[in-house]
Q: 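My questions will all concern the structure given below.
What you see below is based on every heavy atom in this structure, not just the backbone, and it leaves out hydrogens, waters and symmetry mates. A, B, ... follow the sequence lines: proteins, then strands. Residue 1 opens every chain.
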2 protein chains.
Amino acid sequence: MLILAIAKMSQQTTAGEETGETGEVEEADAACCSTGVAIDEASVAADVRLLSALGNDTRYEALRLVAEAGDDGVCVCEVQPALGVSQGAVSQALSRLHGAGLVDRRKEGRWRYYSATPVATRLLDTLDEVRGATDE
Amino acid sequence: MLILAIAKMSQQTTAGEETGETGEVEEADAACCSTGVAIDEASVAADVRLLSALGNDTRYEALRLVAEAGDDGVCVCEVQPALGVSQGAVSQALSRLHGAGLVDRRKEGRWRYYSATPVATRLLDTLDEVRGATDE
DNA sequence: CGCTAATATTAGCATCTGCTGATATAGCTG
DNA sequence: CAGCTATATCAGCAGATGCTAATATTAGCG
């Protein structure tokens, strides 16, 4: 993928922005990127998977509900009426969140409980913070 | 929307989870939710808009590139070859990011520069942190 | 002014997504 | 065991998405 190349181009870009030209980027000057922001393909995929899992009302709301429940988690049987969509849609939503590492799940007899992972908690906190800062 | 109702049900749920029944949730006990996690419909919409804007490779990578460039931002003319998609796709991607409040834009003659907003910076930092914690 | 360059916008298409309803699977009870 | 409940999975459909190519708009130059 392009990301490693992007990181290199970015460094060049900052210096060359006055020219307004796309400029030929030489492969020299590889001794840059000490910012630790260079990001590899797998990380991109992981981030996009996480973000896209949350970029949907039903799934976002499901996660909010799960996160609200705390460490004990919440039973699917309670998520479903709260979300107001079909049982199948709820199950798929929770499965997608689980696949993205945002919820953990456990069985208790017939019942299935979902709880938020630290990743999810952290991300929701950040969203709350940036929204709060933006609402000023 | 359902969210306010969700917040109330969650409180009840924690107490009633042993019953395994969906239980009739009374409207009483409204004196809860001191955690500040109750979230309104507009906030959900805002968060989902932000998250879905980023839940796509092209747009995520565009934002990464913009964020790398620092306060001066990056010229579209440099983003396009870096992303390796059509000029139109780049423009749409940046427009979507702007609409989600993740990038600011300015004109300099023929050139258009995009820079990351604090919201974007913060979110990307969090993603890096949780990914870093997860990769252990 | 005409022309070129940069880039936003539009139209259209293939593919993807999210939902519903149906079905499959697992657990519990008498 | 049969019957019921909880919930995961599947199939299908309508609508959304993301891309390309084309076009429109803006900026700069001789």
Q: Does NZ or CZ of Arg106(A) come closer than 6.0 Å to the centre of the six-membered ring of Tyr113(A), within 45° of the ring's axis?
A: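 Flagged: Arg106(A) positioned over aromatic ring of Tyr113(A).
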
Q: What is the distance, rounded to the nearest whole Å, between atom OH of Tyr114(A) and atom P of dA6(D)?
A: 15 Å

Q: Holding to side-chain hydrogen bond (donor to acceptor under 3.5 Å, both in side chains), I want the full list of residues that pass it with Ser91(A), two or more places apart in sequence or in another chain.
A: none

Q: Specify the separation, in whole Å, of atom CZ of Arg106(A) and atom P of dG27(C).
A: 15 Å

Q: Closest heavy-atom contact between Val66(B) and Ala116(B)?
A: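 Scanning both residues completely, I find the closest heavy atoms to be CG1-N, 3.3 Å.
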
Q: Without decimals, in angstroms, what is the distance between His98(A) NE2 and dA8(D) P?
A: 11 Å

Q: Going 5' to 3' through nucleotides 11-30 of chain D, assign each nucleotide B (protein heavy atom under 4.0 Å from a base atom), S (under 4.0 Å only from sugar-phosphate atoms) or - (no protein heavy atom that close).
A: B------SBB------BB--

Q: Rounded to the nearest 0.5 Å, how far does OG1 of Thr126(A) lie from CG of Asp125(B)?
A: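 Between Asp125(B) CG and Thr126(A) OG1, I get 9.0 Å after rounding to 0.5 Å.
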
Q: For the atom pair CD (Glu41(A)) and CD (Glu61(B)), what is the distance rounded to the nearest 0.5 Å?
A: 8.5 Å

Q: CD of Gln80(A) versus C1' of dC19(C): gap in Å, rounded?
A: 13 Å

Q: Measure across Ser115(B) and Gly73(B) and return the closest heavy-atom pair with its distance rounded to 0.1 Å.
A: CB-CA, 3.7 Å

Q: Just the rounded figure in Å: distance from P of dA6(D) to CZ of Arg105(A).
A: 19 Å

